[in-house]
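All values below were derived from every heavy atom in this structure, side-chain atoms included, with hydrogens, water molecules and symmetry-related copies excluded. Since the structure is predicted, the reported quantities are computational estimates derived from the model, not experimental observations.
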Amino acid sequence: MTLATLAEVLQPALKGNYAVAGLVTLGWEDMRAFVAAAEAEGCPLILQAGPSCRAHTPLPILGKMFRHLAETASVPVVAHLDHGYTLEECRAALDAGFTSLMYDGSRKPLAQNIDETATVARMAHDAGISCEGEIGFVGYAEGESSAGTDPKEAAQFARETGVDAMAISVGNVHLQQDKQGGLDVARIAEIEAMSDVPLVIHGGSGVPVSQRRALATGSKICKFNIGTELRMAFGDALRHAVNSDPERFDRVAILKETHEPMVRAARTVLSAFGHYQKGA
């Protein structure tokens with residue numbers, strides 16, 4: 001059994017100068033491919049269920065899917081709730097067997113964000129699992145604008161919430177399809193000088209691969225969330241499978257052809273995050 005908590009994979013990453021990928025899932029096909037990719041690369045993996053995933057599949061089902069994959073994997077796998085917006089949603093994920101809860105109070109005033117995130121962190125820790133929080137606001141491509149993380153507020157947030165990982169806003173944007181942007185390295189350095197909590201980058205698909213690699217091996221950023229570029233790879237694979245035989249209608253046969261392309265795409269992502277050593 002290799003089911004792990006977020007802290008169990010991020011603390012070794014912090015000490016060993018590498019990062020772990022939080023891969024955003026939408027269904028069984030991508031979850032299964034992501035675990036196969038992590039096994040091929042010999043690295044830990046964080047399977048993430050975000051709001052769109054939860055809208056499609058109920059949390060209790062997702063929990064069983066994540067746990068089944070983790071319990072049969074040869075590498076550590078975290079079952080992670082991504083962007084939980086309420087205490088009730090976080091509690092439901094805990095009850096469903098998730099091993100990590102991300103509470104997102106980033107749209108709220110600092111004091112409220114700290115108070116509510118601390119409540120979720122205590123609930124998680126009492127159950128023996130982990131908690132991630134967000135300080136500053138990571139915006140959305142063609143949507144809400146970001147509000148950059150203030151380093152002093154980040155230090156206060158880390159200290160007063162007790163989170164195991166802290167998502168920050170340093171030029172990253174959710175749902176960005178290109179890699180033309182870049183992160184604010186100076187702001188990252190200011191934040192990590194004030195706290196030893198592992199840092200998280202949401203919207204990792206928009207970060208140039210060379211910068212992902214540099215930050216994974218040379219900063220306290222220990223987790224990159226990757227979703228958009230893998231969804232694009234799945235869409236390409238699915239279109240190819242459908243168009244290759246217009247007469248075919250069996251969904252299992254069609255979806256089966258997305259597996260290897262998704263494994264390859266995920267391996268490319270995972271390989272950029274530095275060296276993981278089993279037992280380190």
Side-chain angles (χ1 to χ4, degrees), residues 4-22 24 44 46 48 50 78 80-85 87 90 93 98-125 129-139 146-174 183-204 207 211-212 215-226 273:
T5 69
L6 191 65
E8 287 171 343
V9 300
L10 293 194
Q11 281 300 317
L14 182 65
K15 296 178 179 67
N17 296 314
Y18 61 89
V20 184
V24 180
I46 303 159
Q48 305 203 155
V78 179
H80 180 73
L81 179 79
D82 191 29
H83 294 288
Y85 293 115
L87 177 63
C90 291
F98 282 66
T99 57
S100 177
L101 310 175
M102 187 258 175
Y103 178 72
D104 183 356
S106 61
R107 290 179 174 86
K108 300 178 180 180
L110 177 63
Q112 185 179 359
N113 187 10
I114 289 174
D115 182 60
E116 293 178 1
T117 304
T119 298
V120 174
R122 285 192 297 271
M123 179 179 71
H125 294 157
I129 67 172
S130 300
C131 179
E132 175 186 329
E134 182 173 329
I135 179 68
F137 176 69
V138 179
S146 296
T149 300
D150 180 283
K152 291 181 180 177
E153 290 185 356
Q156 180 186 354
F157 182 85
R159 184 174 62 250
E160 296 182 9
T161 61
V163 290
D164 301 286
M166 183 166 62
I168 56 174
S169 177
V170 287
N172 41 320
V173 180
H174 288 106
L183 302 183
D184 185 340
V185 176
R187 190 188 292 254
I188 292 170
E190 287 185 66
I191 294 167
E192 62 184 7
M194 295 187 176
S195 173
D196 289 325
V197 174
L199 302 179
V200 180
I201 295 297
H202 285 234
V207 180
Q211 191 174 47
R212 293 183 204 172
L215 290 170
T217 57
S219 78
K220 291 179 183 175
I221 294 172
C222 299
K223 175 174 180 267
F224 284 82
N225 288 6
I226 307 291
F273 291 129

Visitor: Rounded to the nearest 0.5 Å, what's the gap from CG on N113 to CD on Q156? Could you check?
Guide: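 So the gap between those two atoms works out to 10.5 Å.
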Visitor: Indicate whether the side chain of K15 and that of Q11 have a donor and an acceptor atom separated by less than 3.5 Å.
Guide: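 A pair is found: one side chain offers a donor N or O, the other an acceptor, under 3.5 Å apart.
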Visitor: Can you name the nearest heavy-atom pair linking I129 to T99, along with the distance?
Guide: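 Heavy atoms of I129 and T99 come nearest at CB-O, 3.2 Å.
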Visitor: For the pair K220 (side chain) and S195 (backbone), establish whether a donor and an acceptor sit closer than 3.5 Å, ignoring hydrogens and angles.
Guide: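 At least one qualifying donor-acceptor pair exists.
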Visitor: Is a side-chain donor or acceptor of S130 paired with a backbone partner of A7 at a separation under 3.5 angstrom?
Guide: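 Yes; at least one donor-acceptor contact below 3.5 Å.
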Visitor: With side chains defined as the heavy atoms from C-beta onward, is the minimum distance between L6 and M102 less than 4.5 Å?
Guide: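 Answer no - side chains too far apart.
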Visitor: For M123 and L87, what are the C-alpha separation, side-chain angles and deciding distance, and is it a side-chain contact (heavy atoms from CB on, under 4.5 Å)?
Guide: CA-CA 9 Å; M123 179 179 71; L87 177 63; 4.0 Å; yes
Visitor: Kindly indicate whether the side chain of F157, heavy atoms from C-beta on, has any atom under 4.5 Å from the side chain of V163.
Guide: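 A side-chain contact exists here, since the closest heavy-atom pair is under 4.5 Å.
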Visitor: If you define the side chain from C-beta out and look only at heavy atoms, does anything of C90 sit under 4.5 Å from L81?
Guide: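 C90 reaches L81 side chain to side chain.
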Visitor: Do the side chain of T149 and the main chain of I135 share a donor and acceptor less than 3.5 angstrom apart?
Guide: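 Looks like yes, one N/O pair under 3.5 Å.
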Visitor: Starting at OG of S169, measure out to CG of D150 and round the result to the nearest 0.5 Å.
Guide: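 S169 atom OG to D150 atom CG measures 11.5 Å (nearest 0.5 Å).
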Visitor: Taking all heavy atoms of I114 and all of T161, pick out the closest pair and write down the distance.
Guide: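 Distance-wise, the nearest heavy atoms are O-CG2, 3.6 Å.
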Visitor: Quick check: closest heavy atoms across Y18 and V9, and the distance to 0.1 Å?
Guide: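 Scanning both residues, the minimum pair turns out to be OH-O, 4.4 Å.
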Visitor: Kindly compute the distance separating CG (L199) from CG (L14), expressed to the nearest 0.5 Å.
Guide: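 Taking CG in L199 and CG in L14, the distance rounds to 8.5 Å.
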Visitor: Could you tell me the separation between the NE2 atom of H202 and the CD atom of E132, rounded to the nearest 0.5 Å?
Guide: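 If we round to the nearest 0.5 Å, H202:NE2 and E132:CD are 4.0 Å apart.
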Visitor: Using atom types as modelled and distance alone, determine if a side-chain donor or acceptor of E160 lies under 3.5 Å from a backbone N or O of A118.
Guide: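 Answer holds: no.
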Visitor: If the plane angle is over 60° it's perpendicular, under 30° parallel, otherwise tilted; pick one for F224 and F273.
Guide: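 Correct class here is parallel.
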Visitor: Does some side-chain heavy atom of D115 sit less than 4.5 Å from a side-chain heavy atom of Q112?
Guide: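 In short, these two side chains do not touch, never coming nearer than 4.5 Å.
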Visitor: Is a donor on one side and an acceptor on the other found under 3.5 Å between the side chain of T217 and the backbone of N17?
Guide: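 Side chain of T217 to backbone of N17: no pair is present.
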Visitor: Would you compute the distance between atom CD1 of I221 and atom CE of M166 and round it to the nearest 0.5 angstrom?
Guide: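 The distance works out to 10.5 Å.
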Visitor: Set out, in order, the CA-CA distance, both residues' side-chain angles and the distance that settles side-chain contact (heavy atoms from CB on, under 4.5 Å) for V197 and D164, then state yes or no.
Guide: CA-CA 6 Å; V197 174; D164 301 286; over 6 Å; no
Visitor: Surrounding NZ of K152 (heavy atoms of other residues, nucleotides or ligands, distance under 6.0 Å), is the total greater than 12?
Guide: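 Not more than 12 within 6.0 Å, no.
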Visitor: What heavy-atom pair brings L10 and C222 nearest, and what distance separates the two atoms?
Guide: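 That would be CD2-O, 3.4 Å.
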Visitor: Is there a side-chain contact between D82 and D104 (heavy atoms, below 4.5 Å)?
Guide: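 Not touching, per the 4.5 Å side-chain cut-off.
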Visitor: Looking only at non-hydrogen atoms, find the nearest pair between T117 and G133 and report the distance.
Guide: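 Closest approach of T117 to G133: CG2-CA, 4.1 Å.
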Visitor: Is it the case that the side chain of E190 and the backbone of P151 share a donor-acceptor pair, with hydrogens and angles ignored and the cut-off at 3.5 Å?
Guide: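 Absent.
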Visitor: Determine the minimum heavy-atom distance between V170 and I191, stating which atoms define it.
Guide: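 Heavy atoms of V170 and I191 come nearest at CG1-CD1, 3.9 Å.
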Visitor: Working to the nearest 0.5 Å, report the span between CD1 of I226 and CD of Q48.
Guide: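 CD of Q48 is found 9.5 Å from CD1 of I226.
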